[in-house]
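Report on the following structure.
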Amino acid sequence: MKPQDVHARLKLSNSPLGPHPEYVGIYGGEKDLKRTGELPRFVRRDGAWFTFTITVRARSTSQLELSAYDFEICFPERHVVDARVPRFVRFDLNPPEHDNEIKGLRCHMHPGHDDLIAPAPLMSPLEILDLFLNRELSLPDRLRKA
């Protein structure tokens, strides 16, 4: 992508957590719940695209504190056999006191379905972007036999 396109998709906003002025949202593209690829997003050379939201807490006496994030990468369908492969992977860190925290799943991933949830390690936003940008998460050129 061109640098100006990257900058156009980055947004800083007031709190995504409601009336808490110490929280700030950093948005990269727009969530595409239908996964059509038509909304503003970041696109890789292989056609995969991704979006993200990062919520940080800014306190006057310390550094920024990571409160929540969601990063989603979606792969374009290339042909019929791709129907066996998950089209997306989303990494979530829910805000503190979210229902998932009680289940021990504040940090989790959704491998190909919004209702399928699996534990995931807590990663920094830069670690996840590195996974996405360096194509460590990508579809193989040829699928192994099932």
Side-chain angles (χ1 to χ4, degrees), residues 1-18 20 22-58 63-146:
M1 293 180 67
K2 296 177 184 175
Q4 62 267 28
D5 294 336
V6 171
H7 289 287
R9 285 163 177 77
L10 288 172
K11 307 278 187 229
L12 190 62
S13 176
N14 294 334
S15 174
L17 298 178
H20 300 282
E22 71 271 20
Y23 289 91
V24 175
I26 303 164
Y27 298 89
E30 291 181 31
K31 279 188 187 181
D32 184 356
L33 298 177
K34 294 183 180 180
R35 297 175 182 92
T36 62
E38 295 172 2
L39 297 176
R41 72 231 183 266
F42 300 98
V43 182
R44 297 190 321 193
R45 286 189 178 149
D46 64 352
W49 67 86
F50 64 92
T51 61
F52 63 86
T53 303
I54 304 169
T55 304
V56 295
R57 186 177 188 183
Q63 297 178 352
L64 293 176
E65 174 186 322
L66 180 63
S67 180
Y69 61 62
D70 69 77
F71 286 81
E72 181 170 289
I73 187 164
C74 191
F75 306 103
E77 287 187 25
R78 297 177 302 197
H79 41 74
V80 176
V81 296
D82 281 354
R84 297 181 301 171
V85 179
R87 288 236 17 252
F88 73 92
V89 178
R90 187 174 73 243
F91 294 90
D92 289 338
L93 172 65
N94 294 130
E97 301 179 18
H98 186 279
D99 289 345
N100 284 334
E101 187 173 28
I102 296 165
K103 301 177 206 173
L105 291 170
R106 182 173 172 219
C107 192
H108 60 274
M109 64 182 286
H110 297 270
H113 196 284
D114 290 311
D115 292 330
L116 183 59
I117 186 171
L122 174 62
M123 293 186 279
S124 75
L126 290 177
E127 288 176 304
I128 299 171
L129 283 173
D130 189 51
L131 281 175
F132 288 5
L133 294 172
N134 290 320
R135 295 185 59 181
E136 302 211 18
L137 284 176
S138 58
L139 295 179
D141 291 331
R142 198 176 69 175
L143 298 176
R144 292 189 276 182
K145 292 182 180 178

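Hydrogens, waters and symmetry mates play no part in the numbers below; they use all other heavy atoms, side chains included.
The salt bridge (charged side-chain N to carboxylate O under 4.0 Å, His left out) pairs that include a residue from residues 121-134 number zero, where partners must be two or more places apart or lie in different chains. Listed by first and then second residue, the ring-ring contact (aromatic ring centres under 6.0 Å, His included) pairs involving residues 84-103 amount to none (not counting sequence neighbours).
Residues satisfying the salt bridge (charged side-chain N to carboxylate O under 4.0 Å, His left out) test with K31, not counting sequence neighbours, are D70. By the side-chain contact (heavy atoms from CB on, under 4.5 Å) test, L116 pairs with P111, H113, sequence neighbours left out. Annotation: side-chain contact (heavy atoms from CB on, under 4.5 Å) contacts of K11 (sequence neighbours excluded): Y27. In this structure, the salt bridge (charged side-chain N to carboxylate O under 4.0 Å, His left out) partners of D92, at least two apart in sequence or on a different chain, are R90.
Residues V89 and H110 form no side-chain contact, since every pair of their non-hydrogen atoms from C-beta on lies 4.5 Å or further apart. In this structure, the side chains of R44 and S138 come closer than 4.5 Å at one or more pairs of heavy atoms. Annotation: side chain of C107 is in contact with side chain of Y69 (closest heavy-atom distance under 4.5 Å). A 4.5 Å side-chain heavy-atom check between L93 and R106 finds at least one atom pair inside the cut-off.
The nearest pair of heavy atoms linking P86 to F75 is O-CD1, 3.9 Å.
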Hey, mind stepping through D32 and T51 against side-chain contact (heavy atoms from CB on, under 4.5 Å) and telling me if it holds? CA-CA 8 Å; D32 184 356; T51 61; 5.8 Å; no

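The side chain to side chain contact (heavy atoms under 4.5 Å, CB included) test with F52 singles out one residue from I73, I128, L10, and that residue is L10. Between F42 and the options V6, L129, L133, D5, a side chain to side chain contact (heavy atoms under 4.5 Å, CB included) holds for only V6.
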